[in-house]
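First comes the structure, then the notes that go with it.
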Amino acid sequence: MNNEQQEVAQFVLAQMPFSDLDSSATDYFVKHLDVIYLTRENQTQWLQSASPKLFLIRSGLYDLVDAKGDVITRLAQGDYFGFPSLLTGEAIKNRLEVQKEGIVYMLNQDAFDYLRREYKPFEQYFVRAHANRLLSSHYKSQNDSWSERKISELMSRKAVTLSPDASIRQAAKKMKEHGVSSIMVTEYERLVGVVTDRDLRNRVLADEVDPQQAVSSIMSAKPKFIFENNRVFSALHLMLKHNIHHLPVLDEHHKALGMITSTDLLRQQKSDPVQLIGRIYKAHSVTDLKRYAAEVPELLRSFSHNIDDISLIGKLLSGLTDALTSRLIYLFQEEHGAAPTSFSFICFGSQAREEQTLHSDQDNGLLLPDDLSEQHQDYFRRMGEFVCEQLVECGIRRCPGNIMASSELCRMSISDWCDKFFTWIKSPTPQAMLNCKIFFDLRFIEGSTALYTAFCEQLTRISRNELFYAAMATDIKSNSVPIGLFNQFKLEKDAKQHKYIDLKKRGVVIINDIVRLYALKAGIRRANTQERLDALLKHDLLNNHDVYNLKDCWRFLTQLRLRTQINEEGLPSNCINPDKLNSLERHQLKEAFYLLKLAQQAAAFKFARGSL
């Protein structure tokens with residue numbers, strides 16, 4: 001090498017992946033690269049589909065921009081671009097905008113392919129970089145799917161509020177002044193109630209109430225609300241479930257931000273899944289529910305082709321199951337009379353996490369007050385049996401482990417439930433660990449929120465046990481990830497000698513278990529895996545890089561799993577044959593399992609090292 005090449009080699013050798021490769025890889029790169037000085041005048045000529053190249057930035061500052069004009073990321077010294085088209089063979093979709101001119105090293109397709117063949121870590125580095133770009137929300141291109149939009153994106157005006165001691169007349173004047181059909185009643189910036197134009201008609205004019213009275217006398221107290229980072233689908237589901245038309249939006253500190261109306265949301269897209277949920281909540285008979293439930297499989301296949309994030313199907317399926325359950329409880333009470341005491345119908349497992357698939361079964365229970373009479377116990381026994389049996393009629397299978405409200409063991413008082421959890425925590429046998437994986441993912445469906453909240457508070461207290469965390473971490477590590485030596489897949493076989501990987505057992509379940517462990521330690525009550533990970537960003541148990549890796553792995557594996565179910569590829573449930581994937585997908589799958597294995601080891605080291 002001449003002096004100039006040696007200087008370039010010194011720079012290249014300091015960059016990943018060359019810093020981890022034999023020096024011969026750097027030598028090859030340096031001898032085959034072209035050097036360009038990138039300016040605003042020549043920036044358009046280099047990203048061309050006819051001749052994709054790998055670019056390594058030596059100096060300057062550049063924005064990578066997508067077809068919509070949105071900046072994907074800003075590139076500076078040491079950053080690469082151009083590799084997605086080299087890996088996939090797809091046309092180049094992005095463009096480069098020079099912010100500061102500089103020197104860029106450029107490698108053609110043949111030289112890039114040579115380095116991929118000869119140096120596997122080189123290939124793995126760029127496959128991993130591409131996978132992260134595809135999966136990470138930071139790089140994810142914005143799309144117009146209604147279900148993936150955040151509530152905050154629909155907020156067009158700030159909250160219109162007034163205090164609870166303001167008069168009804170002041171409320172009406174303020175609503176007229178701002179041109180709104182509802183107003184949020186707040187005290188110390190916290191939401192305490194809502195008043196709508198319907199309230200003014202029905203509770204003031206119709207009842208001839210004095211407009212000088214305090215607005216608190218006619219407001220809807222303790223209204224339902226949603227957080228700004230929730231999705232549009234969640235808001236629609238909540239409004240349909242409770243038949244409300246005005247939904248307050250709060251930030252994470254419970255400060256009022258604004259109001260979303262049913263008109264705002266339905267304007268986004270009149271969706272068949274949402275219409276179906278609406279019909280379920282208004283069904284007048286079990287026969288109607290069964291007819292609506294029969295539409296679900298075909299509806300999901302159609303829905304899956306209209307969204308970019310197929311993992312949202314899990315939330316949709318869980319929403320449909322919630323709606324069926326709620327309506328069955330309503331129909332039971334309509335026939336047998338209102339519940340004689342407070343109760344909470346709750347769900348566990350995948351339904352609680354809002355991650356159901358087409359093959360999910362029932363996992364539910366009844367949370368009851370202490371010291372019920374035999375007559376009251378009999379009422380809830382009949383309720384549990386009715387709901388679970390009719391869910392079966394609607395296509396939601398019985399739980400093989402009998403974790404259903406029809407079982408006496410899943411229909412208990414708060415005290416009995418807490419005793420059961422305490423026994424598992426105190427004596428973490430393998431069966432106890434299995435129970436914890438199911439029952440520590442729980443969510444309220446119908447009934448008394450106060451009863452459910454009291455139960456959750458007790459669970460948080462009794463689950464603070466270091467030996468319990470250690471046992472969970474040890475159990476997690478015992479479930480092996482399906483990659484072995486030389487990063488090769490470890491396949492299973494069924495009776496017909498079909499080779500496959502169980503994406504649920506060997507992938508998604510492990511992520512769920514790891515995230516549940518960290519969430520319990522952090523005192524996070526949410527059940528949804530992605531929401532738990534978002535909440536963990538605010539704790540120091542996991543660094544943000546590891547949180548994002550787990551989010552990306554979960555999303556990729558879940559999408560792959562749901563796709564195989566929808567396409568019905570003839571393998572056992574939740575399984576995939578990696579030979580049926582394209583080259584890039586196989587690399588992404590290996591990368592996901594690799595990151596998952598590291599997360600297993602990290603959890604075992606953090607929680608179980610004293611017991612190993």
Side-chain angles (χ1 to χ4, degrees), residues 137 146 148-168 170-200 214-242 244-265 267-268 315 354 443-444 449-450 452-454 456-457 460 519 522-528 530-540 544 547:
S137 60
W146 65 270
E148 294 184 76
R149 297 191 68 186
K150 291 183 178 181
I151 296 296
S152 58
E153 296 177 23
L154 304 184
M155 301 294 294
S156 58
R157 66 171 75 205
K158 293 182 179 179
V160 180
T161 66
L162 79 171
S163 64
D165 57 358
S167 69
I168 296 171
Q170 287 175 312
K173 285 185 175 180
K174 197 163 190 178
M175 289 166 65
K176 179 182 179 181
E177 176 187 345
H178 290 274
V180 295
S181 58
S182 61
I183 197 165
M184 302 169 73
V185 183
T186 59
E187 194 167 27
Y188 304 112
E189 297 189 328
R190 292 297 183 97
L191 179 71
V192 295
V194 167
V195 174
T196 68
D197 52 4
R198 182 178 296 183
D199 295 330
L200 296 177
V215 73
S216 58
S217 64
I218 58 117
M219 71 182 185
S220 297
K222 297 181 179 179
K224 301 295 180 183
F225 60 85
I226 196 163
F227 291 110
E228 60 176 324
N229 290 324
N230 282 114
R231 304 294 177 176
V232 171
F233 172 77
S234 298
L236 276 167
H237 184 193
L238 190 62
M239 296 170 85
L240 286 166
K241 178 177 181 178
H242 298 285
I244 54 180
H245 302 280
H246 299 82
L247 188 63
V249 181
L250 310 182
D251 68 12
E252 61 182 28
H253 303 295
H254 288 251
K255 181 180 177 181
L257 293 180
M259 188 80 74
I260 288 291
T261 69
S262 55
T263 303
D264 293 331
L265 297 180
R267 191 183 295 123
Q268 299 302 309
K315 189 172 281 286
E354 298 178 278
R443 185 168 55 81
F444 172 83
T449 56
Y452 176 74
T453 300
C456 288
E457 288 173 350
T460 300
I524 296 166
R525 288 189 187 175
R526 301 172 192 176
N528 179 268
Q530 295 282 294
E531 291 178 7
R532 280 172 166 170
L533 285 165
D534 286 337
L536 282 168
L537 289 169
K538 300 168 186 174
H539 296 265
D540 58 3
N544 288 2
V547 170

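Worth knowing before you read on, the calculation uses all heavy atoms, side chains too, and leaves out hydrogens, waters and symmetry mates.
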Exercise: identify the closest heavy-atom pair between [X] and [Y]:
X    : Y    : value
P223 : G193 : CD-CA, 3.8 Å
A214 : I168 : O-CG1, 4.0 Å
D251 : E228 : CB-OE2, 3.4 Å
H539 : A522 : CE1-O, 3.6 Å
I524 : A535 : CD1-CB, 3.6 Å
I151 : A235 : CD1-CB, 3.5 Å

[atom2] on [Y] to [atom1] on [X], rounded to 0.5 Å:
X    : Y    : atom1 : atom2 : answer
I183 : H178 : CD1   : NE2   : 7.0 Å
M175 : D199 : CE    : CG    : 8.0 Å
N229 : L250 : CG    : CG    : 12.0 Å

_Whether the side chain of K224 engages the backbone of L247 through a donor-acceptor N/O pair (distance < 3.5 Å, no angle test) should be reported._
no

*Examine distances only and state if a side-chain atom of R526 and a backbone atom of R532 form a donor-acceptor pair shorter than 3.5 Å.*
no

*asked:* Walk me through whether I218 and L200 qualify under side-chain contact (heavy atoms from CB on, under 4.5 Å).
replied: CA-CA 8 Å; I218 58 117; L200 296 177; 4.3 Å; yes

Can you find a heavy atom in the side chain of [X] that is under 4.5 Å from one in the side chain of [Y]?
X    : Y    : value
I260 : I226 : no
H245 : R198 : yes
L191 : V185 : no
N230 : E531 : yes
E189 : T186 : no
M259 : V160 : no
M219 : V192 : yes

_Please determine whether the number of non-hydrogen atoms from other residues, nucleotides or ligands lying under 6.0 Å from atom CG of N544 exceeds 12._
yes

*R525 and E457: side-chain contact (heavy atoms from CB on, under 4.5 Å), yes or no, with the steps?*
CA-CA 9 Å; R525 288 189 187 175; E457 288 173 350; 2.9 Å; yes

_Ring geometry between H254 and F225 (parallel below 30°, tilted from 30 to 60°, perpendicular above 60°)_ = perpendicular

